[in-house]
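Both backbone and side-chain heavy atoms feed into the values below; hydrogens, waters and symmetry mates do not. Chain letters run A, B, ... following the sequence lines, proteins first and then strands; every chain starts at 1. These figures come from a predicted structure and were not determined experimentally.
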2 protein chains.
Amino acid sequence: MLSKKTKYGLKALAFLASQNDRKPVQIAEIARHENISQKFLESILLNLRKTGLLGSKKGKGGGYYLIKEPKEILMTDVMRILEGPIAMVPCVSLNFYEKCDDCPDENACAVHKLMLQVRDSALAIYRNNTLADLIK
Amino acid sequence: MLSKKTKYGLKALAFLASQNDRKPVQIAEIARHENISQKFLESILLNLRKTGLLGSKKGKGGGYYLIKEPKEILMTDVMRILEGPIAMVPCVSLNFYEKCDDCPDENACAVHKLMLQVRDSALAIYRNNTLADLIK
DNA sequence: TTATAAATCTATTAAATCAATAGGTTATAT
DNA sequence: ATATAACCTATTGATTTAATAGATTTATAA
């Protein structure tokens, strides 16, 4: 299941991408437009700024804005920032690899074999989509 | 992330599938061989029996066994029983569909558009794999 | 028919994660 | 100066996960 954090983060990014210009948009406006709890969205946007996807401006006329153009923003990056590993099991993760302590041999593991395929297919989708693709 | 329940369930099924015959295998033996807490595994196997994937026999010489041949057991069915919906969001789920209450128009939703693709690709993998494929 | 083996059932719990809320602080534009 | 809006820290309630404990039922073998 996708966490609400990820869902809201994606919606916020898509909303920012759909703006005509890259002028700052207030949290309140995003929250209202996407039906998201404003306080919850605050922490999500802050996270997206700290990880380099968004810029922000304080004070009057402030808000959040995309740093790069939507077509330059890959969904692999977005998903890893918001949701974490794309793999469903750490032992098949590219960026968050961890060995299973219960599993003596990965290559003989049925779970490993299946989840490797699932990861590859998900990865193909995320690599094939930019933020721009999601708003047309 | 895959739950431990699903991971253990898959491992148990694979272990049963790898047996020479379809004679009952005790919980204890499966748990030992796959490094799984026996008590936890008990409830998982019970669930797999109640949903029609496994048969069981009580008393001495009892245990669990596959009802169908491994090559007849699709991973779509297994995953839906163990993990639940294959989709990451209810609004793109085939078997567990639910409308998002925050989303006025699914077709205009960026999350929906992306998750639909992810679901399709995962589904293709699960449909293309039987239990037999995972143990060779 | 008795003892034993093994699944079944019910209940409880500890820990972790998620989603959200509250309230104060800092920076910026007018 | 004042208002605005992002930033930061902490806390909470709810839910889910993973596991444990212990008693019960059923089947087998002696």
Measure all distances between protein nitrogen or oxygen atoms and nitrogen or oxygen atoms of nucleotides 13-20 of chain C, and list the pairs falling under 3.5 Å.
| unit_1 | atom_1 | unit_2 | atom_2 | d |
| --- | --- | --- | --- | --- |
| C/dA19 | OP1 | A/Lys4 | N | 3.2 |
| C/dA19 | OP2 | A/Lys4 | N | 3.2 |

So which protein N/O to nucleotides 3-6 of chain C N/O distances come out below 3.5 Å?
| unit_1 | atom_1 | unit_2 | atom_2 | d |
| --- | --- | --- | --- | --- |
| C/dA6 | OP1 | B/Gln26 | NE2 | 2.4 |
| C/dA6 | O4' | B/Gly59 | O | 3.3 |

For DNA chain D, which residues in residues 86-97 of chain A have a heavy atom at a distance below 4.0 Å? none
Using side chain to side chain contact (heavy atoms under 4.5 Å, CB included) as the criterion, list what pairs up with A/Thr130, not counting sequence neighbours. A/Lys71, A/Leu74, A/Ala132, A/Asp133
Would A/Arg32 and A/Glu29 pass as an ion pair if we require N to O under 4.0 Å? no
Tabulate atom names and distances for all N/O pairs under 3.5 angstrom spanning the protein and nucleotides 10-16 of chain D.
none

Quick one: does A/Asn47's side chain have a donor or acceptor within less than 3.5 Å of a partner on A/Ser43's backbone? no
Stepwise, does the side chain to side chain contact (heavy atoms under 4.5 Å, CB included) test hold for A/Val78 with A/Leu131? CA-CA 9 Å; A/Val78 175; A/Leu131 198 49; 5.7 Å; no
By ring-ring contact (aromatic ring centres under 6.0 Å, His included) - contacts of A/Tyr97 (at least two apart): none
Checking all strands, does A/Lys50 fall into the base, sugar-phosphate, or nothing category for heavy-atom contacts under 4.0 angstrom? sugar-phosphate
Would a single hydrophobic cluster contain both A/Leu123 and A/Leu82, if residues Ile, Leu, Val, Met, Phe, Trp and Tyr are joined by side-chain heavy-atom contacts under 4.5 Å? yes
With A/Leu13 as partner, the option from A/Leu54, A/Ile73, A/Leu134, A/Ile135 fulfilling side chain to side chain contact (heavy atoms under 4.5 Å, CB included) is A/Leu54
